[in-house]
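A short write-up of the structure that comes next.
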Amino acid sequence: MARHLITSALPYINGIKHLGNMVGSMLPADVYARYLRQRGHEVLYICATDEHGTPAELAAAAQGVPVAEFCATAHDAQKAVYDGFSLAFDYFGRSSSAQNREITQHFARRLNENGFIEERAIRQVYSPVDGRFLPDRYVEGTCPHCGYDKARGDQCENCTRVLDPTDLINPRSAISGSTELEVRETKHLFLLQSKLQGEVEKWIDATADSWPQLSSSIARKWLTEGLHDRAITRDLDWGVPVPADVWPELAAEGKVFYVWFDAPIEYIGATREWAETAPEGRDWKSWWYEADDVRYTEFMGKDNVPFHSVMFPATQIGTREPWKRVDFLKSFNWLNYYGGKFSTSQRRGVFTHDALELLPADYWRYFMMANAPESDDTSFTWEHFQATVNKDLADTLGNFVNRVLSFSRKRFGDAVPEGGTAGEAETRLGEEIARLLAEYEEQMEALQFRKAAAALRALWSAGNSYLEEKAPWLEIKTDQEAAALTLRTAMNLIHLYAVVSEPFVPTTAKAMRTAFRLDADKATWTSAAEARSLDAVPAGTPFIVPPVLFAKLTDDDLEVFKERFGGAED
């Protein structure tokens, strides 16, 4: 059985992330990791904060604290939010770690030895007003390809084209806004991607056909346009330093590696952090080096695909070492907010810490995965959120659990009722549940999260249909044993829902599962045979009625939310 390595795009250190960031990387990775663990696979889910680059320096300066202190505090703040969303990382590291620094410098040395790094004198944007060379992300202007007027000097977030600062029309400093920019000569290291294009193409041809079309099309678009040699150093105080034993002049000038060079390497660095911070020690290298038994899945938004599908694999290939490359790259389109993009810089949309103040995490987890932007961009609206919560979570799942357990306790006491023999209705139900469970498993294996959520919703709906068909509130008037059978069967459905819903709504799943006082409830999954028989919770098992699982959202709630966050249909 393959071991599963899972990574999600590293959230940048500068600020708490919005829901669009969450649904495009960390949340689906968590859902998939939880599912695989439940199915008995060995899983390692790794993520980290991406801490290098100019924005971190500027944010620290604005707060009047050293950048290292700023990043440490911001890392803890982000981790607290992710804990609040029940993201079950095996390790959540930091790209500023000593482990990442050592491995990044190792990669650079190996690339240099193999002839894939070259020192070049280049002309770079300099801002006299700011008194510094401007890293590419801090030159803004109009994209020459699509006309977007807020393109950054490294990439246009509108059309995803990779840029150099000098490509921009009407460039300006993102620090001061000054347009009085100069171009001066300085030296930097370049990754010779052009020399690696053939090898990357061969790898993509052998690998990317199984990827989502969004991922493979972006990768092939880059390759069709041709890989260009890329500067991988910057003039910053904060970053992985260029090793002085190889490039003493650049090291003396304080050059550091470009954040997009060291950030993907942090997947490996964080795995080493995971290993070395454990008291007993762990093996990290077998997950990444000569790791033929590992299946590696990456999760990210579409803007991150070029770097992970081409640049990072080129970096790995160029080392001439057997580093594990991605097997499946799961990418996502945008989750928009009322037709416009979520924006960290513009504070547009719902941010993750605010979301947790409003409602428990499972409301957000389910909504985002049931509406994941897989095939195209999707839009968050409060009206859609209300409809999903009320219909799927409150009415379908929550109401089923509450009405079954409350009615049974009222009529039969605090133990699963005895009596009755399963008949045709229970046989049909068992077959339907087994069929829907197989559909759910199929979609989860394929990483089709919207379809998986639909299959899960159908499982919940099957319980309601059975309850309406059998109507135990009527049965009990003439046949108590028949009513007992119906309620006992429904309670077994609740237990099944608790097990299989855990990847999507882990806190709710735990509440459902612990409602039953089973002495040896160690089931990690429900097999088709178990789904057909529905007998995991036997008669006589004590139970409690948990608090209401999901409260319905009212129109008044929406007015409060919209007043705080904005939102009106375009």
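Because the structure is a prediction, the values reported are computed rather than measured.
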Residues forming a side-chain hydrogen bond (donor to acceptor under 3.5 Å, both in side chains) with Asp245, sequence neighbours excluded: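 Once residues adjacent in sequence are excluded, the partners of Asp245 under the side-chain hydrogen bond (donor to acceptor under 3.5 Å, both in side chains) criterion are Arg109.
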Partner residues of Arg320 under the side-chain hydrogen bond (donor to acceptor under 3.5 Å, both in side chains) criterion, sequence neighbours left out: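 Only Glu199 meet the side-chain hydrogen bond (donor to acceptor under 3.5 Å, both in side chains) criterion with Arg320.
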Set of residues satisfying ring pair (Phe, Tyr, Trp, His ring centres under 6.0 Å) with respect to Phe85, sequence neighbours excluded: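 Here no residue qualifies.
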Counterpart residues, ring pair (Phe, Tyr, Trp, His ring centres under 6.0 Å), relative to Phe257 (two or more places apart):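 If we apply the ring pair (Phe, Tyr, Trp, His ring centres under 6.0 Å) test to Phe257, skipping adjacent residues, the hits are Phe261.
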Strictly distance-based, threshold 3.5 Å: is any side-chain N or O of [X] a donor or acceptor partner for the main-chain N or O of [Y]?
| X | Y | value |
| --- | --- | --- |
| Lys79 | Ala74 | no |
| Arg365 | Phe504 | yes |
| Tyr440 | Ala454 | no |

Modelled atom types, side-chain donor and acceptor of His52 and Tyr12, under 3.5 Å: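 Result is no, nothing qualifies.
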Cation-pi check, Lys285 onto Tyr289 ring (under 6.0 Å, within 45° of axis):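 Flagged: Lys285 positioned over aromatic ring of Tyr289.
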Row check, Phe332 ring normal vs Lys330 NZ/CZ: under 6.0 Å, within 45°: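 Output yes; distance and angle both within limits.
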For Thr233, the option from Glu253, His188, Lys255, Glu119 that meets side-chain hydrogen bond (donor to acceptor under 3.5 Å, both in side chains):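 So the option named by the test is His188.
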Identified ring-ring contact (aromatic ring centres under 6.0 Å, His included) partner of Phe380 from the options Phe565, Trp334, Tyr338, Phe367: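 So, applying the ring-ring contact (aromatic ring centres under 6.0 Å, His included) to Phe380 and each of Phe565, Trp334, Tyr338, Phe367, only Phe367 qualifies.
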Sequence-distant partners of Glu182, salt bridge (charged side-chain N to carboxylate O under 4.0 Å, His left out), two or more places apart: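 If we apply the salt bridge (charged side-chain N to carboxylate O under 4.0 Å, His left out) test to Glu182, skipping adjacent residues, the hits are Arg184.
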Residues in salt bridge (charged side-chain N to carboxylate O under 4.0 Å, His left out) contact with Asp209, at least two apart in sequence or another chain: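 Asp209 satisfies salt bridge (charged side-chain N to carboxylate O under 4.0 Å, His left out) with Arg220 once adjacent residues are dropped.
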Short N-O contact, [X] and [Y], less than 4.0 angstrom:
| X | Y | result |
| --- | --- | --- |
| Asp229 | Lys195 | no |
| Arg282 | Glu276 | no |
| Arg37 | Asp90 | yes |

